[in-house]
Amino acid sequence: MTAVSRRKVVVFDYGFGNIRSAERALAHVGADVEVTRDYDRAMNADGLLVPGVGAFAACMRGLKEARGDWIVGRRLSGGRPVMGICVGMQILFARGIEHGVETEGLDEWPGTVGPLKADVVPHMGWNTVQAPEDSRLFAGTAPDARYYFVHSYAVHDWELEVGNPHIAAPKVTWARHGEPFVAAVENGPLWATQFHPEKSGDAGAQLLTNWIKTL
């Protein structure tokens, strides 16, 4: 794998997520990485990575306390790249429902994060995905590549419809654990994965490389 030019990436530190794993993985593929919650640094970086582990409601609370909701919104309004991982992807949707409690998300995409319906929950371990053929995120990866998941909740329906033929429709990648769920999304400057690319070996490193190349 060819190293990419060093682009400045901020891993947003709002108290939730595998911060150091993400930092190491991004540095490994050639990014200039900083872990911070500083508003100006997060706004001015070439790319912003939003991690997330744990409960949807707790992650949203922590993100708002760190002004991360403003940062994500303002970056995207200016076409500045943002990538969410795991719960960092889930909070990009309109709402999350955990234990019957509904929490508002960032509403960058319509849709609801709800419990996985499977014989074994959480979905923990390696799984394949079904990515669109023209995916930029999965470029250079094998169709049978496996990625590391740890989650009990997911988005089961993709609800965003693009009626304007001049606007590219988002590319949605799916996986299955008991039932199909959204595993990744590419939507202009906003990309996200339900799995952990920073823990997914060479395939995950290729995904991060692909993202950095877009910055």
Side-chain angles (χ1 to χ4, degrees), residues 1-2 4 7 9 17-18 21-22 25-26 28-31 47-53 76 79 81-93 105-106 108-114 116-118 122-162 165 167-215:
M1 183 172 54
T2 303
V4 297
R7 307 296 288 171
V9 175
N18 298 299
S21 295
L26 287 164
H28 176 70
V29 298
L48 178 71
L49 187 138
V50 181
V53 296
L76 292 175
V82 175
M83 183 171 184
I85 290 177
C86 197
V87 184
M89 169 179 141
Q90 295 179 1
I91 60 178
L92 296 168
F93 287 86
L106 295 179
E108 295 296 338
W109 298 314
T112 300
V113 180
L116 279 172
K117 298 176 182 178
H123 175 209
M124 182 181 297
W126 299 85
N127 202 350
T128 56
V129 302
Q130 294 180 325
E133 290 185 0
D134 58 349
S135 168
R136 297 172 69 191
L137 177 60
F138 289 89
T141 63
D144 60 351
R146 301 174 73 85
Y147 304 90
Y148 190 76
F149 290 83
V150 183
H151 62 119
S152 299
Y153 297 83
V155 174
H156 303 100
D157 299 295
W158 179 255
E159 299 180 12
L160 179 62
E161 296 183 3
V162 178
I167 298 177
K171 296 179 176 66
V172 182
T173 293
W174 295 86
R176 176 180 286 273
H177 181 71
E179 59 185 344
F181 65 88
V182 175
V185 182
E186 302 160 64
N187 183 200
L190 182 57
W191 290 13
T193 65
Q194 177 61 70
F195 57 86
H196 290 271
E198 78 281 10
K199 294 185 175 182
S200 296
D202 290 343
Q206 182 63 59
L207 263 64
L208 294 175
T209 299
N210 293 341
W211 180 58
I212 293 170
K213 286 180 178 178
T214 71
L215 305 181

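What you see is a predicted model; the values in this text were computed from it and never measured.
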Just wondering, do [Y] and [X] contact through their side chains at under 4.5 Å, heavy atoms?
X	Y	answer
Ile85	Pro197	yes
Val9	Leu215	yes
Glu186	Val172	no
Val185	Leu190	no
Thr193	Met83	yes
Leu26	Trp211	yes
Gln90	Val155	no

Which atom pair, heavy atoms only, marks the closest approach of [X] to [Y]?
X	Y	value
Phe93	Pro110	CD2-O, 3.4 Å
Leu137	Leu207	O-CG, 3.4 Å
His196	Ser200	O-OG, 2.6 Å
Thr112	Glu159	N-OE2, 4.4 Å
Gln194	Ala154	OE1-CA, 4.4 Å
Phe149	Ala175	CZ-CB, 4.1 Å

Keeping the roles fixed (side chain from [X], backbone from [Y]), state whether a donor-acceptor pair exists under 3.5 Å.
X	Y	value
Arg146	Trp126	yes
Asn210	Ala139	yes
Trp158	Leu160	yes
Ser135	Ala131	no

field: Qualifying residue, where the test is ring-ring contact (aromatic ring centres under 6.0 Å, His included) with His123 and the options are Tyr153, Phe181, Tyr147
entry: Phe181
- request: Apply the test ring-ring contact (aromatic ring centres under 6.0 Å, His included) to residues Phe195 and Tyr148: give CA-CA distance (whole Å), side-chain angles for both, the deciding distance (0.1 Å), then the verdict.
  value: CA-CA 6 Å; Phe195 57 86; Tyr148 190 76; over 10 Å; no
Met89 and Val182: CA distance, side-chain angles, deciding distance, side-chain contact (heavy atoms from CB on, under 4.5 Å) verdict: CA-CA 10 Å; Met89 169 179 141; Val182 175; 3.6 Å; yes
message: Strictly by side chain to side chain donor-acceptor pair (under 3.5 Å), give each pair with a member in residues 168-180 just once, sequence neighbours left out.
response: His156-Glu179
message: My understanding is that only residues two or more places apart in sequence, or in another chain, count here; which of them pass side chain to side chain donor-acceptor pair (under 3.5 Å) with Asn18?
response: none
